Each structure stands twice: as structure tokens, then as C-alpha cells.
Amino acid sequence: MSKLKAIIFDVDGTLSETERDGHRVAFNRAFIEYGLDWYWDEALYGELLAVTGGKERIRYFLASFYKGDLISDIDSLVSELHANKTLHYVALLEQNVIGLRPGVIRLFDEIRASGLRMAIATTTTPANVTALITSTLGAEALDWFECIAAGDIVPAKKPAPDIFDYCLEQLDLPANECLVFEDSANGLISAHAANIPTVITLNDYTKEDDFSAAVSVFDHLGEPDMANQCLAGHAVDQAYITVDGLHQLHSLAT
Ligand code: XBP
Ligand code: MG
């Protein structure tokens with residue numbers, strides 16, 4: 001059995017429920033600013049979340065849902081729209097529109113006190129991670145993560161394993177000494193392909209996803225006054241995830 005050394009966190013959907021009221025709103029504001037009559041409602045956005053990466057998601061929308069006039073320079077449109085969307089998303093986070101999910105701050109504090117290491121592996125744009133951590137925890141919290149692997153730093157986004165492989169390389173740790181927290185099937189496929197045991201905290205957009213490869217599936221991390229629920233896989237002794245729980249889940253998985 002290997003020893004747990006580091007916890008790697010996904011961002012969107014895991015640390016914070018950023019998709020419906022954050023990214024989706026930012027995309028729609030960018031479309032308006034660009035004079036486009038596109039509108040991604042909650043249901044359509046849920047379908048578009050099948051593709052990770054904002055630029056890739058716009059391309060997926062154009063290829064599979066868009067019925068309008070022919071677009072001449074798609075590459076420029078996608079990169080300009082996405083850059084604009086990122087400005088809107090960062091502005092939303094700076095207005096503290098979105099907070100962290102239950103248990104995230106508490107578990108960060110417990111992990112840091114325990115000496116376990118922390119990292120982030122996300123598909124989102126690096127500026128978005130900086131804005132979320134800074135707006136919720138303060139800029140100094142960025143140093144809590146030995147590696148913040150984000151967005152285009154790797155050639156292939158989730159569900160490819162690239163971002164987790166990159167994170168392991170930066171941590172200089174083998175996969176079996178880490179534990180991943182994710183929220184989606186794409187994230188689970190990615191971490192699993194990198195051979196890292198993965199725990200899911202699902203959300204409304206991902207609750208129907210296939211999590212059969214996960215060590216465990218919870219509704220959220222829980223708090224002492226807000227018990228979580230183990231929906232599949234291994235449960236832990238307490239009604240919320242603590243560092244002891246992390247060691248329990250890791251030892252069951254390796
Ligand atoms: C979620 C994603 C991201 C965001 C949008 O990333 O797939 O693409 O939806 O952010 P994760 P960008 O769950 O891996 O944190 O527009 O910056 O890509
Ligand atoms: Mg996610």
C-alpha cells in the first residue's frame with residue numbers, strides 16, 4: 001500500500017459551482033458584446049459541458065448546434081470571443097458572485113495543517129483560477145498549491161490525462177501517492193487515465209455522469225454541521241471529509 005502525499009483538486013464544479021452562474025453568464029455576455037444573437041440557456045449549456053475548454057466548447061456549439069449564417073474566420077472569432085468571455089468571468093468572480101463549495105476551505109486548512117501537499121489540475125484558463133482563489137481566499141492562498149496546472153498548458157484537455165500527468169511531474173510524485181477530487185465524468189476519465197485514485201463530489205450538471213471508476217462519490221465534502229452523503233463507492237467514518245477520511249479513501253484505493 002502506498003503512502004498518501006498530495007491532494008490534487010479540479011476547479012470548476014469541484015471547488016466551486018462556477019458553470020451555470022459563472023462561465024455560462026460570461027459566455028452570454030461576450031456574445032452580446034460581440035453583437036451575436038447566441039444565448040446558452042442552462043439546458044443547452046449542460047449539453048455543451050460535454051466538451052471541456054471554453055474555446056473548444058464554442059467550436060462544439062458551432063459544429064453541433066449553430067444554425068446561422070456561414071462564419072468566415074472561425075479561428076479569430078473563437079479566440080476573440082473566448083478572451084472577452086474570460087474578462088467577463090474574472091469580473092464576475094471579483095464581484096464575489098460565486099463562493100466555494102461546502103467543506104472546501106475547512107479541508108484546505110486541515111490538509112495544510114497535516115503536511116499533505118496540494119495542487120490544482122483544471123481545464124479552465126489560468127486567470128480564472130487566480131480570480132477564484134484570490135476572490136474567495138486571498139491572493140496568498142495561491143501559494144498553498146505547489147502546482148496550478150490549468151488550461152492550454154498541455155496539448156490535450158480533459159478527458160485526456162495530460163493535465164494530471166503534468167501535475168504529477170511538477171509534484172515529482174507517482175500517481176499512487178496522490179488523490180484527486182473531481183466533479184465530472186471528463187475529469188474522472190482524465191485522472192483515471194493518469195492512474196490517480198479519484199473521489200467525486202458531484203453537482204447538478206454532473207449527477208447523471210458515469211462515476212463507476214471513482215473510489216467514492218459524495219454529494220459534497222460536508223461540514224461538521226452539514227453531513228455529506230456517500231452516493232457510491234467507499235464511505236468514510238465521519239459525516240464529512242477530513243484528512244483521516246482522505247487517508248482512509250486512499251488506502252482503500254491503493
Ligand atoms: C471546466 C472546464 C472549463 C470551464 C470554462 O474545467 O471545462 O473549460 O468550463 O473555462 P475543470 P474556460 O472542471 O477542469 O476545472 O472558458 O477558461 O475553458
Ligand atoms: Mg470540473
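Just so you know, these numbers come straight off a predicted model, no measurement behind them. Counting convention: from 1, in listed order, for ligands and their atoms alike.
- Given atom 15 (O) of ligand 1, the protein heavy atom at minimum distance is T122 OG1, 2.6 Å.
- Between T86 and ligand 1, not a single N/O pair is under 3.5 Å apart.
- Residue contact annotation: K85 has a non-hydrogen atom under 4.0 Å from ligand 1.
- No side-chain heavy atom of Y205 sits less than 4.5 Å from a side-chain heavy atom of D12.
- Given atom 8 (O) of ligand 1, the protein heavy atom at minimum distance is G53 N, 2.9 Å.
- The Mg ion (ligand 2) forms the vertex of an angle spanning O of D12 and OD1 of D183; to the nearest 10 degrees it equals 90°.
- Looking only at N/O/S atoms, D10 comes nearest to the Mg ion (ligand 2) through OD2.
- In this structure, R106 pairs ionically with E110, as a charged nitrogen and a carboxylate oxygen lie closer than 4.0 Å.
- Residue contacts with ligand 1, taken as heavy atom pairs separated by less than 4.0 Å, involve N128 solely via side-chain atoms from C-beta onward.
- In terms of protein heavy-atom proximity, atom 17 (O) of ligand 1 is nearest to T125 OG1, 2.6 Å.
- Within the 4.5 Å cutoff, no side-chain heavy atoms of V199 are placed close to those of I241.
- Here the heavy atom of the protein found nearest to atom 6 (O) of ligand 1 is D12 OD2, 3.3 Å.
- Between D75 and R59, at least one side-chain nitrogen of the basic residue sits less than 4.0 Å from a carboxylate oxygen of the acidic one, meeting the salt-bridge criterion.
- At the shortest separation from atom 10 (O) of ligand 1 among protein heavy atoms lies T124 OG1, 2.8 Å.
- In this structure, Y89 has its ring center no closer than 6.0 Å to that of F27.
- Ranking the protein heavy atoms by distance from atom 13 (O) of ligand 1 puts D10 OD1, 2.9 Å first.
- Those atoms of ligand 1 that come under 4.0 Å of a heavy atom in V11, given as number and element, are 15 (O).
- The heavy atom nearest to atom 18 (O) of ligand 1, considering only A30, G54, A127, is found in G54.
- Taking CD1 of I163 as the reference point, atom SG of C147 lies at 7.5 Å (rounded to 0.5 Å).
- Between T198 and F164, the closest side-chain pair of non-hydrogen atoms is not below 4.5 Å.
- Between D41 and R24 no salt bridge is recorded (no basic side-chain N to carboxylate O distance below 4.0 Å).
- Not a single heavy atom of G187 sits less than 4.0 Å from an atom of ligand 1.
- Side-chain contact between S184 and L49: absent, with no pair of heavy atoms (C-beta onward) separated by less than 4.5 Å.
- Of the protein's non-hydrogen atoms, R57 NH2, 3.7 Å is the one closest to atom 2 (C) of ligand 1.
- Of the candidates Y45, Y39, W40, F61 forms a ring-ring contact (aromatic ring centres under 6.0 Å, His included) with just one, namely W40.
- Side-chain N or O atoms of T206 include none that pairs as donor or acceptor with a backbone N or O of L202 at under 3.5 Å.
- Taking atom 4 (C) of ligand 1 as the reference point, the nearest protein heavy-atom neighbour is E19 OE2, 3.5 Å.
- Within the 4.0 Å heavy-atom cutoff, H82 counts among the residues contacting ligand 1.
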